[in-house]
Amino acid sequence: MWSIYSVLVFALAAASSFTPVYVLEFCQSPDSDCHSDDDTASNSQSSPHTAKSRWNVSASNLVQDLDQFRVSCKKLIEAFPGDEVDGNFIRTVKDCIFSKSIPTPLKGPLRLAAVSKDAIEGILDLDMAVTQSEDFLLYASGGRLLLGSVPLAHRYGGHQFGYWAGQLGDGRAHYLGQYTNRKGETWELQLKGSGKTPYSRSGDGRAVIRSSVREFLCSEAMYFLGVPTSRAASLIVSEEPVLRDQFYNGNVKTERGAVVLRLAKSWFRIGSLEILAQSGEIDLLRKLLNFVTDEHFPSISSGDPDKYLVFYSTVVNETAHLIAQWMSVGFAHGVCNTDNFSLLSITIDYGPFGFMELYDPNFVPNTSDDEGRYSIGAQVNVGLFNLEKLLVALSPVLTLKQQKEAKMILKGYTDIYQMRIHQIFKAKLGLLGEKEEDSYIIAFLLKMMEDTQSDFTMTFRQLSEISQLQLRNRNFTQMWALDDLSSHKHFSDWLSMYFLRVSRQENDTDLDRQNRMKSVNPRYVLRNWMAESAIRKAEKNDFSEVELLHRILSFPFVTQETAEEAGYAARPPLWAKRLKVSCSS
Ligand SMILES: *[C@@H]1O[C@H](CO)[C@@H](O)[C@H](O)[C@H]1NC(C)=O
Ligand SMILES: *[C@@H]1O[C@H](CO)[C@@H](O)[C@H](O)[C@H]1NC(C)=O
Ligand SMILES: *[C@@H]1O[C@H](CO)[C@@H](O)[C@H](O)[C@H]1NC(C)=O
Ligand SMILES: *[C@@H]1O[C@H](CO)[C@@H](O)[C@H](O)[C@H]1NC(C)=O
Ligand SMILES: *[C@@H]1O[C@H](CO)[C@@H](O)[C@H](O)[C@H]1NC(C)=O
Ligand SMILES: CC(=O)N[C@H]1CO[C@H](CO)[C@@H](O)[C@@H]1O
C-alpha cells in the first residue's frame with residue numbers, strides 16, 4: 001500500500017492518542033441557527049430570502065440616523081500613553097500603542113458597492129436604510145468622523161516570512177472606536193484603505209477594489225461557514241486613482257481606491273506584543289497584556305499570578321482550533337506572519353488567501369510564494385512558529401518557572417490541533433463515536449483525493465448528498481467530484497471500509513448521516529474564479545455579482561437555485577485554471 005506519510009504531514013491521521021468523543025459545535029455565531037440545514041432535500045429550492053432571519057430585528061430599535069450613532073475611543077486612549085509626536089507623517093514610533101491619525105477622504109464620487117445586513121443590523125444596530133444615505137458613504141470611507149471617534153493607527157511589529165521585520169503597524173487602516181451593541185457586545189470599528197498613517201512605510205495608504213472585494217466577501221463567507229473571523233460591514237468604492245503592480249512584475253496599472261468598514265472584537269495581534277518586547281518597553285507590554293486579558297479573557301482573574309501563562313495557554317489552544325477550522329473548509333490564509341495573527345484567534349487580514357479546489361496539501365494561494373512557506377499544509381507549523389514568537393514576546397513578564405511551563409504548553413499545540421482535525425474530519429464523514437480505524441479511513445480518503453485531484457469542497461459535499469444505495473451502485477449522475485474520486489484503484493476498498501464503519505452506528509439512518517454531513521460540508525465556498533468574475537464586474541461599477549456571491553455565501557450549507565444557475569457547485573470553468581491570485585493589495 002502507498003505511504004500515508006504525506007497525509008500525516010497534513011496532520012490528519014496521527015490521532016492514535018486520542019479517545020474522547022465530542023459532539024461537534026461548529027457554529028461560532030451567538031445564535032444557534034447560523035447553519036441552516038437543508039434537511040428536506042439537497043435540491044430544495046429554498047432561496048436565501050426564505051431562510052430564517054438571523055437576528056430578531058425589531059426595526060424600531062434600530063438606529064435610523066447616523067448622527068445618533070456614537071462610538072467611543074475613551075477606553076483605549078485612557079488605558080495607554082499616546083504617541084508623543086503629533087502629525088500624520090511616517091516615522092519610527094516609541095512608547096505607545098496608538099498614534100492619532102486622521103483618515104484621508106477618498107476622491108468621489110463614492111459608491112456603496114456592498115453592505116452586510118447581518119453586520120449592519122446585528123452588530124451595529126443600524127437600520128439598513130441608513131446605508132443608502134450620502135452620509136453613510138462619507139462615514140464609512142473616512143470622509144466624516146462618527147460621533148465620539150478619535151481615529152487611531154495601531155503600532156505593531158512582526159515576523160514576516162520567518163524574520164523580524166521591525167515596526168509595521170496600521171499602514172492604511174484607521175481604528176474609529178468601540179461600539180457596544182444592544183446585545184452587550186463591544187466591537188471595534190476599523191476602516192481599511194483610508195489613507196496614510198505614521199506606519200505607512202512606503203505604502204500609499206490605499207486599498208484597491210480588487211483586494212477590498214475579496215476581503216469583504218471572504219470575511220463574511222468565513223463567518224457563515226462558522227470560522228472565527230473579523231467581519232465586514234460595508235465596501236465603498238471611489239474614483240481615486242491608485243497605482244498597483246498587481247503581480248509584482250513591473251507592470252504598474254491604475255486601479256481605483258476602495259474602503260472596507262471592518263469589525264472585530266479586537267484587532268490586537270501577536271505583533272502588537274512583539275514590538276514592545278523587542279524594544280524593551282516592558283511596562284507597556286504588561287499594560288497591554290492586562291488590558292487584553294481584562295477586556296477579552298473574562299475567565300482570567302486579574303489577580304492571578306499566573307495570568308499571563310493562562311492567557312498564553314488560551315491563545316495556543318484557540319490558535320490550534322482556528323487553523324483546524326481553516327483546514328476543514330480548505331482555507332489557506334496566504335500570509336501567516338505574526339502581524340496577521342490575532343490574539344483572539346480570529347481570522348484577520350485577508351490578503352492573497354485562497355480556498356483549495358483540487359485537494360493538495362501543497363496548495364499555495366499566493367503565486368509569488370515560490371517556497372510554499374504558507375501552503376495550506378504548512379499552516380499548522382506556521383501557527384507553531386508564530387506561537388513560539390508570542391512566547392518570546394511574553395518572556396520578559398514571565399518568571400523562569402512560568403517560561404518552562406509555557407514551553408510545555410506549546411508542546412501540546414500539535415496534539416490539540418490533531419485532536420480537533422480528527423473531530424472535524426470525522427464529522428465531515430458523518431462518523432459517530434470513536435473507532436480504531438477512523439484515522440485510517442480519513443487519511444485513506446484524503447490520499448485518494450490527492451491522487452485523483454478531486455475537488456476538496458465538492459467531494460465532501462457530494463458524499464453528504466449521495467445515498468448509500470447510490471454510492472454502492474456507483475451512480476455518479478451529477479456527482480462530478482465523486483466521479484473523479486472513484487477513478488482511484490482503491491476506491492472500492494475505501495468504500496467497503498466506510499460502509500462497514502457507518503453501518504455499525506447505532507440508531508443512525510442514512511438520511512441522518514446525510515443531514516449531519518450537509519450541515520458541516522459547505523456546497524459553496526469563495527473560489528478564486530468566483531471572486532475574480534465578481535471583481536471584473538465591480539471594476540466596471542457593476543456590483544450585482546458581489547451582491548449575489550455575498551447572498552449565496554451567507555448560506556453556504558443550503559442548496560440555492562441562483563447559485564446552481566451560476567455554476568457555483570459545478571466543475572470550475574476552464575478559464576479558472578489559468579487564473580493567478582492578484583497579490584498586491
Ligand atoms: C425572537 O422573536 C421571537 C418571536 O417574536 C421570540 O419568541 C423570541 O424570544 C425572540 N428571541 C430573541 C433572542 O429575542
Ligand atoms: C480550546 O478552544 C476551543 C475553541 O475555542 C474551546 O471550545 C475549548 O473549550 C478550549 N479548550 C480549553 C481546554 O480551553
Ligand atoms: C507573496 O509571497 C511573496 C514571496 O514570499 C512575498 O514577497 C509577498 O509579499 C507575498 N504577497 C503578499 C500579498 O503577502
Ligand atoms: C442515478 O441517480 C439519479 C439521481 O439520484 C437517479 O435519478 C437515477 O435514476 C439513478 N440511476 C440509476 C441507474 O440508478
Ligand atoms: C439507541 O436507541 C435505543 C432506544 O431508543 C437506546 O436504548 C440506546 O441507548 C441507543 N443507543 C445509542 C448508542 O445511542
Ligand atoms: C492583508 C494584510 O493586511 N496582510 C498583512 C499581513 O502581513 C503582511 C506581511 O507581514 C503585511 O504586509 C500585510 O499588510
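Below, each value reflects all heavy atoms present in this structure, side chains not excepted, and no hydrogens, waters or symmetry copies.
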| task | Please determine, by modelled atom types, if Asn317 and Thr314 share a side-chain donor-acceptor pair under 3.5 angstrom. | result | no

| query | What's the spacing between Ser395 OG and Tyr312 OH if we round to 0.5 Å? | reply | 8.5 Å

| Can any side-chain N or O of Ser533 pair as donor or acceptor with the backbone N or O of Met530 at less than 3.5 Å? | no

| Beyond-backbone contact of Ile552 with Leu549, side-chain heavy atoms, under 4.5 angstrom | no

| said: Does either side chain, that of Trp187 or that of Glu185, offer a donor lying less than 3.5 Å from an acceptor on the other one? | reply: yes

| query | Do NZ/NE/NH1/NH2 and the carboxylate oxygens of Lys447 and Asp451 come within less than 4.0 Å? | reply | yes

| field | Expected output: side-chain Asn475 to main-chain Thr477 donor-acceptor under 3.5 Å | value | yes

| request: Determine, step by step, whether Tyr498 and Gln468 satisfy the side chain to side chain donor-acceptor pair (under 3.5 Å) criterion, reporting the C-alpha distance in whole Å, the side-chain angles of both residues, the deciding distance to 0.1 Å, and the verdict. | output: CA-CA 10 Å; Tyr498 181 58; Gln468 272 204 48; over 6 Å; no

| message | With rounding to the nearest 0.5 angstrom, report the CZ to NE2 distance, Phe311 to His296. | response | 10.0 Å

| task | Considering non-hydrogen atoms only, spot the tightest contact between Pro572 and Trp529 and give its length. | result | CB-NE1, 3.7 Å

| field | Stepwise side-chain contact (heavy atoms from CB on, under 4.5 Å) check, Val213 with Arg210 | value | CA-CA 5 Å; Val213 165; Arg210 183 162 51 75; over 6 Å; no

| request: Kindly determine whether Asp493 and Ser496 satisfy side chain to side chain donor-acceptor pair (under 3.5 Å), including the steps that lead there. | output: CA-CA 5 Å; Asp493 301 337; Ser496 313; 5.6 Å; no

| field | From CA spacing to verdict: ring pair (Phe, Tyr, Trp, His ring centres under 6.0 Å), His154, Phe268 | value | CA-CA 9 Å; His154 174 38; Phe268 288 126; 5.1 Å; yes

| request: Sort out for me which residue in Lys389, Arg269, His159 forms a side chain to side chain donor-acceptor pair (under 3.5 Å) with Glu274. | output: His159

| Aromatic ring proximity, centroids under 6.0 angstrom, Phe331 and Phe355 | yes

| remark: The single option from Leu482, Leu446, Asp483, Asp484 that satisfies side chain to side chain contact (heavy atoms under 4.5 Å, CB included) with Ser454 is Asp484

| Pairwise side-chain contact, Ile348 with Ile346, heavy-atom cut-off 4.5 Å (strictly under) | yes

| request: Verify the distance criterion only: is there a donor paired with an acceptor across the side chains of Ser492 and Arg474 at less than 3.5 Å? | output: yes

| query | Going through the checks in order, is the ring pair (Phe, Tyr, Trp, His ring centres under 6.0 Å) test met by Tyr374 and Phe161? | reply | CA-CA 9 Å; Tyr374 297 137; Phe161 309 102; 5.7 Å; yes

| field | Value rounded to 0.5 Å, distance of CD1 in Ile123 from OG in Ser116 | value | 7.0 Å

| said: Testing the 3.5 Å rule here: is there a donor-acceptor pair between the side chains of Ser464 and Asn521? | reply: yes

| message | Please tell me whether Asp306 and Gln402 have a donor and an acceptor in their side chains that are separated by less than 3.5 angstrom. | response | yes

| query | Is there a side-chain contact between Asp508 and Arg513 (heavy atoms, below 4.5 Å)? | reply | yes

| Main-chain N/O of Gly372 paired with Asp369 side-chain donor or acceptor, under 3.5 Å | yes

| request: Please report the closest heavy-atom contact between Ser266 and Leu344, naming both atoms and the distance. | output: CB-CD1, 3.6 Å

| task | Tell me, please, whether Phe499 has Arg504 positioned over its six-membered ring: NZ or CZ under 6.0 Å from the ring centre and within 45 degrees of its axis? | result | no

| query | Does the side-chain contact (heavy atoms from CB on, under 4.5 Å) test come out yes or no for Ile409 and Leu309, once each step is laid out? | reply | CA-CA 9 Å; Ile409 289 168; Leu309 197 58; 4.1 Å; yes

| Can any side-chain N or O of Arg420 pair as donor or acceptor with the backbone N or O of Ala320 at less than 3.5 Å? | no

| message | Can you confirm whether Asp118 sits close enough to Arg231 that some side-chain heavy atom of one is under 4.5 Å from a side-chain heavy atom of the other? | response | yes

| query | With distance as the sole test, does Ser503 use its side chain to make a donor-acceptor pair with the main-chain N or O of Leu500 at under 3.5 Å? | reply | yes

| request: For side-chain contact (heavy atoms from CB on, under 4.5 Å), just list the numbers for Leu495 and Phe491, CA-CA rounded to whole Å, side-chain angles, deciding distance to a tenth of an Å, and then say yes or no. | output: CA-CA 6 Å; Leu495 215 52; Phe491 182 68; 3.8 Å; yes

| task | Please tell me if the side chains of Met449 and Leu485 come closer than 4.5 Å, counting only heavy atoms from C-beta onward. | result | yes

| said: Is it the case that the side chain of Glu450 and the backbone of Tyr359 share a donor-acceptor pair, with hydrogens and angles ignored and the cut-off at 3.5 Å? | reply: no

| What do the steps show when you test Trp494 against Ile441 for side-chain contact (heavy atoms from CB on, under 4.5 Å), and what is the final call? | CA-CA 7 Å; Trp494 181 81; Ile441 291 178; 3.5 Å; yes

| query | Is the Tyr350 to Phe216 ring centre distance short of 6.0 Å? | reply | no

| query | Would you say Asp438's side chain and Lys435's backbone share a donor-acceptor pair under 3.5 angstrom? | reply | yes

| said: Can a donor-acceptor pair be found, under 3.5 Å and without considering hydrogens, that links the side chain of Glu220 to the backbone of Leu553? | reply: no

| task | Write down the atom of Thr338, the atom of Ile270, and the distance for their closest heavy-atom approach. | result | O-CB, 3.5 Å

| query | Does Asn337 reach the main-chain N or O of Asp339 with its side chain, forming a donor-acceptor pair under 3.5 Å? | reply | no

| query | Going by the angle between their ring planes, with limits at 30° and 60°, are Phe555 and Phe224 parallel, tilted or perpendicular? | reply | parallel

| message | Parallel, tilted or perpendicular, judged at 30° and 60°: which one describes the rings of Tyr440 and Phe444? | response | perpendicular

| note | In Arg527, Arg571, Arg523, the residue satisfying salt bridge (charged side-chain N to carboxylate O under 4.0 Å, His left out) with Asp455 is Arg527

| note | What one should report as the nearest heavy-atom pair of Leu526 and Arg214 is CD2-O, 4.4 Å

| said: Keeping Thr452 on the side-chain end and Met448 on the backbone end, is there a donor-acceptor pair under 3.5 Å? | reply: yes

| query | Parallel, tilted or perpendicular: which fits the ring planes of Tyr417 and Tyr413, with parallel below 30° and perpendicular above 60°? | reply | parallel

| request: Look up atom OG1 in Thr559 and atom CD in Glu465, then write down how far apart they are to the nearest 0.5 Å. | output: 5.0 Å

| said: Just verifying a value: how many Å separate Ile442 CD1 and Glu437 CD, rounded to the nearest 0.5 Å? | reply: 10.5 Å

| said: Within the 4.5 Å heavy-atom criterion, are Trp326 and Leu225 side-chain neighbours or not? | reply: no

| So which heavy atom on Val329 is nearest to which on Pro522, and how close? | CG1-CG, 4.5 Å

| said: Taking Arg262 first and then Asp349, would you say they form a salt bridge - that is, a charged N and a carboxylate O separated by under 4.0 Å? | reply: yes

| remark: Closest non-hydrogen contact found for Gly433 with Arg501 is O-NH2, 3.6 Å

| field | Note, His333 side chain near Phe353 side chain (heavy atom, < 4.5 Å) | value | no

| remark: Rounding to 0.5 Å, atoms CG (Leu343) and CD (Glu318) come to a distance of 11.5 Å

| task | Taking the side chain as every heavy atom from C-beta outward, state whether Met479 and Met458 have any pair of such atoms under 4.5 Å apart. | result | no

